[in-house]
Structures are given as C-alpha cells and as structure tokens.
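Got a structure here, written out as structure tokens. Questions coming.
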Amino acid sequence: MELLKKRILQDGRCLEGGILKVDSFINHQMDPGLMKALAVEFVRRFAAERINKVMTIEASGIAPAIMVGFLLDLPVVFAKKKRPKTMADMLSTTVHSFTKDRDYDVCISREFLTPADRVLFIDDFLAYGNAALGASRLIHAAGATLCGMGFIIEKAFQDGGRRLRERGIRVESLAIIESLDDCRIRFRE
Ligand code: 5GP
C-alpha cells in the first residue's frame, strides 16, 4: 500500500536488531486518518470472507482492529495479556515476545470467542509470528474459524509470514519489509 510505505519511509525509524519504530503514527501516537485508510484496505482485501468477528491482541492491535470492526459493523475482541480476576471461563496460551525477549500468557473469555465465530485477526506487526500463532491457538481451542490475518507491517526477514502461510492461513500485509539491514528500510516490491 503506497500511502503506508511513504509514511514508513517518512516517519519510521530503524532500531538495532531488526526493529522498526513507528510510534509517531501507529503504536504510540496514532494517525486516525491513516488508520482509517489501512482499515479500508483490510476490508477490501477480505471482502470475500464471511467474517463475523474481528480479533486482536492488546495493546497495539486494538486501534487497527477497531477501525476494521467499525467499517464492517462487527464486534472486536482482544486477547488480554493479564488475566482479569473476574474472567472465569477463559482460554489461554503462552506467547514469546521477541521485542521484549520474554514469554507472556494471553487469554480470552470463552464468552467472546465461540464455535459460531468466523474470525479476522488484525495486528500492527508480523515478525516471527508468535503472537499470531498464539491467537490462532486460541481460535482453534474455542472451536471458532480463522478466516484470515491482516497485518499493517510484515517483516519478511523474520519468519512469521512463512510460518503462518505454510499452515494454510490467509495472510494479508499492507507493507512488506524485505530488510532493515544497515538501518535502511527496503520494501518487497
Ligand atoms: P511476533 O509475535 O510476530 O514475533 O511479533 C509481533 C508483535 O511484536 C507485534 O504485535 C508487535 O507489537 C511487536 N513487534 C514485532 N516487531 C516489531 C517492530 O519491528 N516494531 C514494533 N514497534 N513492534 C514490533
């Protein structure tokens, strides 16, 4: 998506270790106009799927997910990183975070993820795919159906895209980064 690529080149910053910082427009300060354009593109790409729920993991997936849910007029549910005391019947799984280099548990109430759900998962980044695979385990455990996964930015040099696609998951990424070597942002054409 050209608009997004332009913005990443203009405002994104490379950090050591293959990390792209986009916190001036995506995951700290946010640009709602851009977020809406991204959501319109997700809706266009997944138009043929019969989705009835949008899912993400807190925190940075919530903004794009709620825009998509708003446009499709569908509920949005996010997996939580802390187990709420009040959540009784829940599903949980462990996810490894590469940006924070630690494991964490994510959980979701069975009340909001059920066998009737046909889910579109949305997140800001696809890196090694651990968060997305954790989400797909929750969806599977709930007996729900995963219709596809949409990411704002996929880093193709970290293996997540391959891991998801080889499991037969439909993956749509709005900008695919081939490399951040030498702190230069290179997109896949
Ligand atoms: P994965 O589980 O695919 O390895 O990583 C996905 C999660 O890690 C994303 O939800 C995102 O929050 C975070 N993440 C991974 N790579 C980056 C990055 O380059 N920049 C930022 N800001 N977050 C990232």
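We count ligands from 1, going down the list as the structure has it; atoms in each ligand are counted the same way. Reckoned from all heavy atoms, side chains included, excluding hydrogens, waters and symmetry mates.
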**Asked** Do the charged groups of D23 and K21 touch, with an N to O distance under 4.0 Å?
**Response** yes

**Request:** For atom 5 (O) of ligand 1, find the nearest protein heavy atom and state the residue, atom name and distance (0.1 Å precision).
**Result:**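 Atom 5 (O) of ligand 1 sits closest to the protein heavy atom A127 CB, 3.7 Å.
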
**Item:** Protein heavy-atom partner closest to atom 17 (C) of ligand 1 - residue, atom, separation in Å
**Value:** K155 NZ, 3.4 Å

**Region of N27 engaging ligand 1 - heavy atom pairs below 4.0 Å** = side chain

**Request:** State whether a side-chain donor-acceptor pair under 3.5 Å links S60 with N27.
**Result:**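 Per modelled atom types, S60 and N27 side chains form no pair under 3.5 Å.
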
**Request:** Answer yes or no: does an N/O atom from F98 fall short of 3.5 Å to an N/O atom of ligand 1?
**Result:** no

**Prompt:** Is Y128 close to ligand 1, meaning an N/O of one under 3.5 Å from an N/O of the other?
**Reply:**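 In this structure, Y128 places an N or O atom under 3.5 Å from an N or O of ligand 1.
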
**Message:** Assess whether a salt bridge exists between R188 and E178, defined as any Lys/Arg side-chain N lying under 4.0 Å from an Asp/Glu carboxylate O.
**Reply:** yes

**Asked** Does CZ belonging to R167 count more than 12 external heavy atoms closer than 6.0 Å?
**Response**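 Counting neighbours around CZ of R167, more than 12 heavy atoms of other residues, nucleotides or ligands fall under 6.0 Å, so yes.
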
**Prompt:** In a check of side-chain contact (heavy atoms from CB on, under 4.5 Å) between I108 and each of T93, I57, L138, which one passes?
**Reply:** L138

**Donor-acceptor pair between T94 and D105 side chains, under 3.5 angstrom** =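 Per modelled atom types, T94 and D105 side chains form a pair under 3.5 Å.
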
**Message:** Tell me whether V22 reaches ligand 1 (any heavy atom closer than 4.0 angstrom to a ligand atom).
**Reply:** no

**Closest protein heavy atom to atom 20 (N) of ligand 1, given as residue, atom name and distance to 0.1 Å** =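 Looking at atom 20 (N) of ligand 1, the protein heavy atom closest to it is L20 O, 2.7 Å.
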
**Any N or O of A131 closer than 3.5 Å to N or O of ligand 1** = yes

**Message:** At under 4.0 Å between heavy atoms, is it the side chain or the backbone of V95 that contacts ligand 1, or both, or neither?
**Reply:** neither

**Asked** Hey, is CZ on R165 packed in by over 12 heavy atoms from elsewhere, all under 6.0 Å?
**Response**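 Yes - once you tally the heavy atoms of other residues, nucleotides and ligands closer than 6.0 Å, there are more than 12.
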
**Message:** Just to confirm my output: which protein heavy-atom neighbour is closest to atom 9 (C) of ligand 1, and how far is it?
**Reply:** D124 OD1, 3.5 Å

**Nitrogen or oxygen atoms of K21 and ligand 1 under 3.5 Å apart** =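 In this structure, K21 places no N or O atom under 3.5 Å from an N or O of ligand 1.
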
**Prompt:** Backbone, side chain, both or neither: what part of T99 comes under 4.0 angstrom of ligand 1, heavy atoms only?
**Reply:**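 For T99, only side-chain atoms sit under 4.0 Å from ligand 1.
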
**Message:** With a cutoff of 4.0 Å, is A132 in contact with ligand 1, counting heavy atoms of the residue only?
**Reply:**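 No heavy atom of A132 comes that close to ligand 1.
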
**Message:** We want to know whether S97 and R102 form a side-chain donor-acceptor pair, criterion being a heavy-atom distance below 3.5 angstrom.
**Reply:**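 No, no side-chain donor-acceptor contact under 3.5 Å.
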
**Fill in**
Any heavy atom of S60 under 4.0 Å from ligand 1? The part involved is side chain

**Request:** Check D123 against ligand 1 and report side chain, backbone, both or neither, counting heavy atoms closer than 4.0 Å.
**Result:**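 The answer is the side chain.
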
**Message:** Could you check whether atom CG of L74 has more than 12 heavy atoms from other residues, nucleotides or ligands sitting under 6.0 Å from it?
**Reply:** yes

**Prompt:** To the nearest 0.1 Å, how far is atom 21 (C) of ligand 1 from its closest protein heavy atom, and which atom is that?
**Reply:**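 The closest one turns out to be F125 CE1, 3.3 Å.
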
**Message:** Would N130 and H96 count as a side chain to side chain donor-acceptor pair (under 3.5 Å) here? Give the steps.
**Reply:** CA-CA 6 Å; N130 294 318; H96 182 74; 5.7 Å; no

**Prompt:** Is there a side-chain contact between F46 and L72, using heavy atoms and a 4.5 Å cut-off?
**Reply:**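 Side-chain contact under 4.5 Å: no.
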
**Request:** Report yes or no: does a heavy atom of G160 sit under 4.0 Å from some atom of ligand 1?
**Result:**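 False for this residue.
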
